[in-house]
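Right, one structure below, let's go through it.
Positions are given from 1 along the sequence.
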Amino acid sequence: MTILQQRPELDFALLDRELDRAKTAVFLGKHAAFLGTLMCSVNFMWSEDIDTACTNGIYLKWNPYYFHFLSPKGRQSIIVHELWHVGLMHMLRRGNRDPKIWNAACDTVLDNMMDLDGYCVDSTLFPPELFPPSTTFVNHALYGTMPAEEIYDLMVKNAVPPPPNMGLGMDLIAPDPGSAQAIQHQVVNNVVGAAHSAALSGAGNLPGEIQVTLNKFLSPKIAWESVLYRFFNELANQDYSWSRPNRRYSDMYLPSLVDDVGGLDHLVQFQDVSGSITDGDSIRFNSEFKYVKERFEPEKMTFIQFDTKIQKIDVFLKDDPFDEIKIVGRGGTDLRCVRDWIIANKPTAVVIFSDLECNPMEPLPADADVPIIWIALNNHKATVNMGTLVHLNE
């Protein structure tokens, strides 16, 4: 008889106390400074809508009957397993990969990592009368140093079947499509905070994969100084002045389009939010936007989301903070709405982030000849009819 076939009378007050004990064990285990801080940012909840346990990076859901039958070591191990999914930002890194195979690849990483950390990751965590014996992908010679992306490719190439379901899977589905981007940003912020706490405590080294992933989503990949230098110098018909764009970078001078008070007037970023753009892509676009805003301090930046139409417009003045923007859209891609907005509003300069999997935009009319930088994501075949094209490969 399986867990789902049994419905003992549950004392949820007792379950809550047992969950607190399992959490306490995490604070006493390896990487406690990182995992403990991360655990405090995750919402725990009971749910009979799932068979075992799952996380989307913000919540960690448990089936109460599943939790009831687990051993204390099993409860601790599954909390740690789910927290490492969050810490390694597996939900951000999936992209367009097959969810089941990606989940198997991520579980493989965690099986090997947690085995080295002294956790039990085999079927002995579960009562044998409830869970049949099963195997894991603990193979340090093969998987010990491979990130999930490489394991995924290996599984696809060799048609490796997913591991037996031991209930350690993760839920990559956000509560609703409109909130997905906000969740991804919150995951990044929580991991950054946990990594910072671990660094301050001096409590050992974190897996290098965490820093690599954080760098991917937080560090700008575009050499904006050189791009903007070339960009503005090519605009011979515009008025430039050499000025420090940001007092925090006193050794850097760049030519800039200026207004009456000597600053970059109005920079507009168009962000493609069509269905081909992943949540990770959107975080990359937002990271580049944040860098340009904080580095060059334009008087105004307008953030415009588009697919086949303008979906949302956010305006930031020079001193307004920028943390995250809720992403909408997810339709097709059509640049005609972008062209119409530029003609109607005539901003100082435009940056367009897109995979450019669409027809090129028609040239602007002479009375709206606004300079444009195109950032083409993972599309080396992209072409444009005007402006400066920069390729961004992830």
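Cation-pi geometry between Lys157 and Tyr152 is not met at under 6.0 angstrom from the ring centre and within 45 degrees of the axis.
The salt bridge (charged side-chain N to carboxylate O under 4.0 Å, His left out) analysis of residues 335-360, with sequence neighbours excluded, yields the pairs Asp334-Arg336.
Thr348 places a side-chain N or O within 3.5 Å of a backbone atom of His266 that can act as its donor or acceptor partner. Side chain of Lys293 to main chain of Asp320: a donor-acceptor pair is present (N/O by atom type, distance under 3.5 Å, no hydrogens or angles). Side-chain atoms of Arg94 do not come within 3.5 Å of backbone N or O of Asn103 as any donor-acceptor pair. Remark: the backbone N or O of Glu149 is not paired with any side-chain donor or acceptor of Arg93 at under 3.5 angstrom. Looking at Asn385, its side chain does come within 3.5 Å of a backbone N or O of Met361 through a donor-acceptor pair. Distance alone, capped at 3.5 Å, places no donor-acceptor pair between the Tyr143 side chain and the Asp111 backbone. Side-chain atoms of Asp307 come within 3.5 Å of backbone N or O of Lys309 as a donor-acceptor pair. Side-chain atoms of Asp369 never come within 3.5 Å of backbone atoms of Pro365 as a donor-acceptor pair (strictly under, hydrogens ignored). Here the side chain of Trp374 pairs no donor or acceptor atom with the backbone of His391 at under 3.5 angstrom. Proximity of a side-chain donor or acceptor of Asn345 to a complementary backbone N or O of Pro347 within less than 3.5 Å is not detected.
Connection of Trp62 to Phe12 is established within a shared hydrophobic cluster, with ILVMFWY side chains joined at heavy-atom distances below 4.5 Å, either directly or through further cluster members.
For CD of Glu362, the number of neighbouring non-hydrogen atoms (other residues, nucleotides, ligands) closer than 6.0 Å is 12 at most.
Aromatic ring centroids of Trp84 and His90 lie 6.0 Å or more apart.
To the nearest 0.5 Å, atoms NZ (Lys300) and CG (Leu317) are separated by 7.5 Å. Rounding to the nearest 0.5 Å gives a distance of 12.5 Å between NE2 of His85 and CG of Asn56. With rounding to the nearest 0.5 angstrom, the CD atom of Glu9 is 10.5 Å from the NE2 atom of His68.
In summary, the side chains of His81 and Asp107 do present a donor paired with an acceptor at a separation below 3.5 Å, with no hydrogens or angles considered. Between the side chains of Trp46 and Asn63, no donor-acceptor pair is found at a separation under 3.5 Å.
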**OP:** Go through Phe270 and Trp341 one step at a time and tell me if the ring-ring contact (aromatic ring centres under 6.0 Å, His included) criterion holds.
**Re:** CA-CA 10 Å; Phe270 285 92; Trp341 193 95; 5.6 Å; yes

